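Here's the structure, in structure tokens; my notes come after.
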Protein chains: 2
Amino acid sequence: MNEHEKIFIDYLKRSDLKYTRPRQIILNIVFNNPSHFDVETLYDQIRRNNRDVSRATVYRTMPLLVKSGLIKQSLRCQAKDQYENVSDQDHHLHLVCNNCGKIIEINSSELENRLRSLAEVHKFKILDFSIGAQGLCRKCSNKRDKETKS
Amino acid sequence: MNEHEKIFIDYLKRSDLKYTRPRQIILNIVFNNPSHFDVETLYDQIRRNNRDVSRATVYRTMPLLVKSGLIKQSLRCQAKDQYENVSDQDHHLHLVCNNCGKIIEINSSELENRLRSLAEVHKFKILDFSIGAQGLCRKCSNKRDKETKS
DNA sequence: ATAAATATTGATAATGAGTCTCAATTTAGT
DNA sequence: ACTAAATTGAGACTCATTATCAATATTTAT
Ligand SMILES: [Mn+2]
Ligand SMILES: [Mn+2]
Ligand SMILES: [Zn+2]
Ligand SMILES: [Zn+2]
């Protein structure tokens, strides 16, 4: 029983929900994955591991993991919602390349604190951040420059 | 012929595109709307004004307006992409209430500049920002507190 | 232990935003 | 007017996500 499991079970208990086999399987695969993932990919992983959980249950379990504080909804990429492991890195922002989909993560508590204090002024209670930018990564930016020249 | 029209026509000319009736109608409704809108709502507006433009054309015109610099993709709300009028306020960030959907806009070029310089380090070419947070607005936060007490 | 109430699941249908196709129409240039 | 290129509308289509519902499992009350 690892830390994640403890947290999840605790949340489920508090909410009168049960730690079932499918939820256990999902939890495990989520934390054997790179931090960023979308639900379809997760579902594939589960089936690749010869586990059997229905797609519906996988989707249904995401909000539970979110409410337990283990994962958070992160960015949206290629028309899919992405989640990410919260514990990995504390707070960071994303630079998403429009061309190749690459995601650059940058740690900066400074931006976040600044945003927090701006929200304070409006008595707005922040539950989640989304700081980021879309554009072109170095590679794609260079590539495009060359194409334009020719 | 207003400023928006000038800018749009100029962009279209530069791109060998034509300023057609449907594009004119869309442009007008976009700039008679509150700054934030999603395409479905825009499409409804157009039909409510007894104009006839196909849904496909409305969707198709969005990227043109974006490239012309008149609007930008803003936040995502209720599973729909939102656009917003660029000229209204220059740069600002969004606090979105998870409960009532209210959007609070905050002007701050400071955060943006900071983000820009962080991206610079990675030679990442920023095309668009999204700085914001989700949570509870003052009203909804208060309401929830009361409910919890009872 | 039994029965009733509640929670969970999987299969599958449904929804809905956004995209694609293609034949018909419009436009700009000659 | 003639031609080539651009545009349009209607509707088919995709695909992520949600809703439905009957079957199953678990908890609680008796
Ligand atoms: Mn991340
Ligand atoms: Mn705004
Ligand atoms: Zn790239
Ligand atoms: Zn609110």
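Treat the numbers as computed from the prediction; the structure is a model and nothing was measured. Quick note: numbers below take in every heavy atom, side chains included, and nothing from hydrogens, waters or symmetry partners. All chains are named by letter (A, B, ...) in the order of the sequence lines, taking the proteins before the strands, and each is independently numbered beginning at 1.
Using a 4.0 Å heavy-atom criterion, one finds that A/Ala79 contacts the sugar-phosphate atoms exclusively. Residue contacts shown for B/Asp38 are absent, as no nucleic acid heavy atom lies under 4.0 Å away. B/Val39 comes within 4.0 angstrom of nothing in the nucleic acid, heavy atoms only.
Summary of the strand contacts: A/Gln78 and B/Leu12 both lie near DNA chain D, and taking for each the nucleotide with the nearest heavy atom, the more 5' one is attributed to B/Leu12.
For B/Thr57, taking side-chain heavy atoms from C-beta onward, the closest of the listed nucleotides C/dA17, C/dA11, D/dG9 is D/dG9. Side-chain proximity of A/Lys18 to the nucleotides D/dT8, D/dT27, D/dT17 is greatest for D/dT27. Of the candidate nucleotides C/dG18, D/dT8, C/dT8, D/dT8 has the atom lying nearest to any side-chain atom of B/Arg60. Between D/dG11, D/dA16, C/dG18, one nucleotide has an atom nearer to the side chain of A/Glu40 than all others, and that is D/dA16.
Taking 4.0 Å as the cut-off between side-chain N and carboxylate O, A/Arg116 and A/Glu112 count as a salt-bridged pair. With respect to the salt-bridge test (charged N to carboxylate O, under 4.0 angstrom), the residues A/Lys80 and A/Glu40 do not qualify. Using a cut-off of 4.0 Å between Lys/Arg side-chain N and Asp/Glu carboxylate O, B/Lys6 and B/Asp10 are scored as not salt-bridged.
For C/dG18, the OP1/OP2 oxygens have a side-chain nitrogen or oxygen of B/Tyr59 closer than 4.0 Å. Between A/Thr20 and D/dT26 there is no side-chain polar atom (N or O) within less than 4.0 angstrom of OP1 or OP2. Within the 4.0 Å cut-off from OP1 or OP2 of C/dT9, at least one side-chain nitrogen or oxygen of A/Arg23 is found.
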side-chain contact (heavy atoms from CB on, under 4.5 Å) evaluation trace for B/Ile29 with B/Asn49: CA-CA 9 Å; B/Ile29 307 276; B/Asn49 283 39; 3.4 Å; yes
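The minimum heavy-atom distance linking B/Ile26 with B/Met62 is given by the pair CG2-CE, 4.0 Å.
The number of heavy atoms from other shown groups lying within 6.0 Å of NZ (A/Lys72) is above 12.
Contacts with DNA chain C (heavy atom under 4.0 Å) in residues 62-75 of chain B: none are found.
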